[in-house]
Amino acid sequence: MAQVTVIDHPLVQHKLSLMRRKETPTASFRQLLREISLLLGYEVTRDLPTGTEKIDTPLAPMDATVLTGKKLVLISVLRAGNGLLEGMLDLIPSARVGHVGLYRDPHTLVAVEYYFKVPEELSERPIIIVDPMLATGNSSIAAVQRIKEAGGKHIKFVCLLAAPEGVKEFQEAHPDVPIFTAAIDDHLNDHGYILPGLGDAGDRLYGTK
Ligand code: URA
């Protein structure tokens, strides 16, 4: 079963609470998501492969630790994934970036794909898929499936909030993909929204409602 890591760092939890407040304006919501994604990114990249390189400091030569292997890929599940992507790119500016466009059919809640563009050589790269809300799990599961079909192998999934129902579905569909989240909330409502949650992440991020 895929591992679930809840990143309960006090800074993450405080920023998340600010994001949940319904009176938090769009600009603050966006800024907070960017800040949280830095902190989530720090945790999810903890086991990136490293090696050493001979360098000279102003005072002495040394074997310095550097990242090794192929460049990491960040995959944003549109559109709310872009909010997490921005902060992650601040942390890993050389990452390659892919986009998967999925929307939830409002009646069936099934994920429908409308865009797919990812970097080459996916199979050799560490991949982090970002999608803020793991709710029913439908869109996240579909996004991971598409990345696997495109050759992705070393995949991690990062969200901001998860529902227990979504975590269970995701783990059943992709037992090999670890999940990183800032919190697991209570349950889903009849419309597939996370409770207590923070509302519609895309609308809050872009001020579309
Ligand atoms: N997507 C959101 O933006 N919010 C939810 O609560 C569930 C899915």
Side-chain angles (χ1 to χ4, degrees), residues 2 4-8 12-37 39-41 44 74-88 99-116 128-147 156-174 177 179-209:
V4 184
T5 304
V6 177
I7 299 163
D8 57 359
V12 172
Q13 295 306 314
H14 181 76
K15 290 176 194 294
L16 176 58
S17 296
L18 294 173
M19 291 182 75
R20 289 180 187 273
R21 296 170 71 129
K22 64 179 180 195
E23 60 272 27
T24 297
T26 301
S28 310
F29 188 92
R30 197 179 297 144
Q31 178 61 28
L32 286 160
L33 185 55
R34 195 176 186 127
E35 291 167 8
I36 288 188
S37 54
L39 298 162
L40 300 182
V44 74
L74 296 170
I75 304 280
S76 168
V77 182
L78 299 174
R79 66 183 161 150
N82 280 0
L84 276 175
L85 174 68
E86 294 301 321
M88 294 256 184
H99 294 90
V100 181
L102 295 168
Y103 70 87
R104 283 205 305 179
D105 182 295
H107 304 295
T108 62
L109 304 184
V110 168
V112 183
E113 182 180 310
Y114 62 89
Y115 188 77
F116 188 79
I128 300 173
I129 300 180
V130 295
D131 189 2
M133 309 299 271
L134 178 55
T136 60
N138 290 348
S139 59
S140 308
I141 289 168
V144 175
Q145 189 56 39
R146 285 294 281 119
I147 295 302
K156 292 178 180 174
F157 179 80
V158 178
C159 58
L160 179 64
L161 274 186
E165 298 92 325
V167 170
K168 183 168 173 290
E169 292 291 324
F170 187 101
Q171 286 180 314
E172 281 170 16
H174 299 295
V177 178
I179 300 169
F180 292 76
T181 183
I184 301 177
D185 273 11
D186 293 345
H187 63 279
L188 295 176
N189 70 11
D190 292 343
H191 303 286
Y193 279 85
I194 299 175
L195 293 180
L198 49 72
D200 187 294
D203 283 338
R204 296 210 56 195
L205 190 55
Y206 297 115
T208 39
K209 238 182 212 154

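In listed order, ligands and their atoms are each counted from 1. Worth saying up front: this structure is predicted, and the values here are computed from it rather than measured.
Both the sub-6.0 Å distance and the 45° axial angle are satisfied by R146 relative to the ring of F116.
Contact record, A80 with L205: O-CD2, 3.7 Å, taken as the closest heavy-atom pair.
Taken to the nearest 0.5 Å, the CD1 atom of I7 stands 10.0 Å off from the CD1 atom of I36. One finds the CD atom of E169 at 10.5 Å from the CD atom of Q171 (value rounded to the nearest 0.5 Å).
Counting only N and O atoms by type, the side chains of R79 and T208 include a donor and acceptor under 3.5 Å apart.
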Is there any protein N/O under 3.5 Å from an N/O of ligand 1, and what does the full list of such pairs look like?
from, atom 1, to, atom 2, distance (Å)
ligand 1, 3 (O), A201, N, 2.7
ligand 1, 4 (N), G199, O, 2.8
ligand 1, 6 (O), I194, N, 2.8

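Under the salt bridge (Lys or Arg N to Asp or Glu O under 4.0 Å) criterion, the residue pairs touching residues 181-202 are R20-D185, with sequence neighbours excluded.
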